[in-house]
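Naming: A, B, ... by sequence-line order, numbering from 1 per chain.
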Amino acid sequence: MSPWVLHVDLDQFIAAVELLRRPELRGRPVIVGGRGDPTERAVVSTASYEAREFGVRSGMPLKVAVRKCPEAVLLPVDAPLYEAASQQVMDTLRAQPGAVVEVLGWDEAFVGVDTDDPEACARRIQADVLAATDLHCSVGIGDTKIRAKIATDFGKPQGVFRLTRDNWFEVMGERPTTALWGVGSRIGARLAGLGVETVRDLAAADPDRLAAEFGPSMGPYYGRLGRGVSSATVDDTPYIPRAHGREVTYQQNLSDPAEIATAIGSLAEQVVKDIAAEGRPCMRVHLKVRFAPFFTVARSRKLAEPTYDPGLIGDTALDLLRALHDDRPIRLLGVRAEMVPPEGGYDDQTRRTARDPRAAG
DNA sequence: TCTGGGGTCCTAGGACCC
DNA sequence: TCTGGGGTCCTAGGACCC
């Protein structure tokens, strides 16, 4: 028996959940996003595999998606429905004998198991999830979290793939650094500037050079990513959130000061509901503004006293906005409340996030 | 083509103190 | 008159992920 990390990822999760209540749409291109209105400012949450064949991708503006695939069926996002389906999936994972489950999002989780046959474990998870929810998933098997996470991509859809120290370079060595979890286009470009193009290059890069470019924490972390080295400990300790925020993109840009004040007040009230449910008051207020056409600014301020008062939070956000505002119309407003940490701080009481650079490799 | 909403973490640089 | 080195706190900004 040896420890394995499994990464379970539901296939086209949101679209698949919608298809369960609309089976007549099966086989047709389906796009879920916004309020389901392609003329509105919104993006694609998930596209079915049929829609992906037309080039539709998550994060794409709905207007663009519809242009690429005019015959697609457009559906509005129904978060509570996906939340409920997600609960069923996670409960199924927790019911696996000996499994430790670390939830990463609605549609994915790490599962830690002790076994001689991780493939059999993976297949049983797929069968149990399908039986309980009618949803298909893919499973990545790894000897570290990052390897398990990346392995899943090679298993999709409905498959199982194993990625370990033994086949890491064979599978990943010649791929671009952006194939790694946590390396996006910006970091990829900066790495390329250092002559680091592939995963193999990154694995071989001098840690001191990486530290000089990215700092003492992130530099060596990227080096470890290149080797597939990360924590292998699956942790089911409940995660304690740091902050709650609300943001809204307005269909019509805001310019009237009274309208703006009302909008911020409403965001502050929603945020207070969330932090009150958490039981920890707001310590710091963050404001995010997107001016038209597409220019985003963020500001924040620490409060003199922690508070649950939406008036105070809203006024602070408004104050931060006034220091920025010069009559440009506003596309988006966001108010975020950073909560007072629990006694003893976060590190003592909560697990680290799965992608935390400090987590030991 | 026109870009959502929910988050997390790291780094740089200034202010301030000893 | 000009000036160090270390530490902490704070804000702004960048990057990434689902």
Under the side chain to side chain contact (heavy atoms under 4.5 Å, CB included) rule, collect the residues that match up with A:Q87, sequence neighbours excluded.
A:E83, A:D91
Between B:dG6 (P) and A:I14 (CD1): distance, integer Å
14 Å
Produce a footprint string for nucleotides 12-18 of chain C: one letter per nucleotide, 5' end first; B if the base is under 4.0 Å from any protein heavy atom, S if only the sugar-phosphate is, - if neither.
SS-SBSS
Would you kindly check if the NZ (Lys) or CZ (Arg) of A:R147 is within the cone defined by 45 degrees around the ring axis of A:W168 and under 6.0 Å from the six-membered ring centre?
yes
For A:F154, give me all partners under side chain to side chain contact (heavy atoms under 4.5 Å, CB included), at least two apart in sequence or on another chain.
A:I150, A:F161, A:V171, A:M172, A:R175
Which dot-bracket string describes DNA chain B (Watson-Crick N1-N3 plus N6-O4 or O6-N4, or G-U N1-O2 and O6-N3, all under 3.5 Å; [ ] crossing; | other strand)?
....||||||||||||||
How do A:M218 and A:G245 order along DNA chain B: which one's closest nucleotide is nearer the 5' end?
A:G245
Is it true that, when you exclude A:E305 itself, more than 12 heavy atoms of the residues, nucleotides or ligands shown sit nearer than 6.0 Å to its CD?
no
Sorted by number, the residues of residues 194-208 of chain A with heavy-atom contact under 4.0 Å to DNA chain B
none
Please report, rounded to the nearest Å, how far the P atom of B:dG5 is from the CZ atom of A:R290.
8 Å
Categorize A:V44 for me: base, sugar-phosphate, or nothing, with a 4.0 angstrom heavy-atom threshold over every strand shown.
nothing
Going by heavy atoms closer than 4.0 Å, what residues in residues 45-64 of chain A are next to DNA chain B?
A:P61, A:K63, A:V64
Tell me if a side-chain donor or acceptor on A:S230 pairs with a main-chain N or O of A:I146 at a distance below 3.5 Å.
yes
